[in-house]
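Heads up, the thing below is written out as C-alpha cells.
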Amino acid sequence: MSMDKKAFFKISYGMYVVSSGGADKYNGQIANTAFQVTAEPPQFAVCINKQNLTHEFIQKSGVFTVSILEQDTPVKFIGHFGFKSGRELDKFADIEYKIGITGAPVVTQNCLAYLECKIKGSADAGTHTVFIGEIVDAQTVKEGEPMTYAYYHQVKNGKSPSTAPTFIKDEKIELKEEKKMPKYKCTVCNYVYDPEKGDSDSGIEPGTSFEDLPDDWVCPVCGVGKDEFEKID
Ligand code: FE
C-alpha cells in the first residue's frame, strides 16, 4: 500500500513569526513548526529552512524569538513575513516590534504572546535545521485566540466550512448566484482568489469577479499583480 500523504494534514500546527538577528539587522519569517520540547528547563524548537535569511541570523546570533499570531492576523501580514525575502527588503520597516532581552527582535503586531530562546543545540534535517533553544523569557501581549495552520488555510484561503461568520455570509451569496464565477490562483504562492469571498483585507466585497478587481489589486499573500494569476476550474 502506498503512503497516504493526506495523513500529514491531520497534524495540527500553529502560526508563528520566528525572528532573529541583532545589531540593527533583523529578520523574521512565518513558521508553523514551532513547539515546546521539554518542561525543565523549558526548551522550544523551531524548524527553519537553511536557505532563509532567518536561518543565517539564528546561527550567527545564537538566539531566536517566536511570536504567536492571533486568529485575526491579515493574510497580507502573513504574506509579508512568509513570501518575501529579508534579502530584498527590511521586513521590520513598517512592523510593530521591540527588542527582547536576547537582543533579537520580537514581532508584537498581531501577536498574542512571545518567547525568547537561546540556542542549546540543533539537528540537521537536510533542507532544514531544527534549532533547540532554552526559553529565557516569555510574555503575553494580549488575550485572544491563536491562529492555527488549518484556520489559515480553510478560512483565509476559503476552502472548507468553518464556524466563522464570514463563511455563512458567503454561503448565501453562493446560493444566489446562478452561474459560479471562476476562481483564480496565484502562480507564485498558490493563494486562491475566490470571488464569492472577495478579499476583505484589501476592501474587496464578496461577489466581486476576478475581472472586476481593480488593476492595482495585488495578491494579498505575496504581493504580485493580477497578471500572475491563472484561472482554475
Ligand atoms: Fe501570491
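Note that the structure is predicted; figures quoted are calculated from it, not measured. For the single chain, residues carry numbers from 1 onward in sequence order. Note that ligands are numbered from 1 as they come in the structure, with each ligand's atoms numbered from 1 the same way.
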Exercise. Does the pair Lys183/Glu196 count as a salt bridge with the N-to-O cut at 4.0 Å?
Worked result: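 Salt bridge between Lys183 and Glu196, a charged N being under 4.0 Å from a carboxylate O: no.
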Exercise. Between Lys50 and Asp124, is the closest basic N to carboxylate O distance under 4.0 Å?
Worked result: yes
For this session: Keeping waters out of it, list the protein N, O or S atoms under 2.8 Å from the Fe ion (ligand 1).
Result: Cys186 SG, Cys189 SG, Cys219 SG, Cys222 SG
Exercise. Which class fits the ring pair Tyr191 and Phe229: parallel under 30°, tilted 30 to 60°, perpendicular over 60°?
Worked result: perpendicular
Exercise. Is the distance between the ring centroids of Tyr97 and Phe92 under 6.0 Å?
Worked result: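 Judged by ring-centre distance (under 6.0 Å), Tyr97 and Phe92 do meet the cut-off.
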Exercise. So which pairs with a foot in residues 73-96 pass side chain to side chain donor-acceptor pair (under 3.5 Å), sequence neighbours left out?
Worked result: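 For residues 73-96, and leaving out neighbouring residues, there are no side chain to side chain donor-acceptor pair (under 3.5 Å) pairs at all.
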For this session: Compute whether any side-chain donor of one residue and acceptor of the other, for Thr187 and Glu230, lie under 3.5 angstrom apart.
Result: no
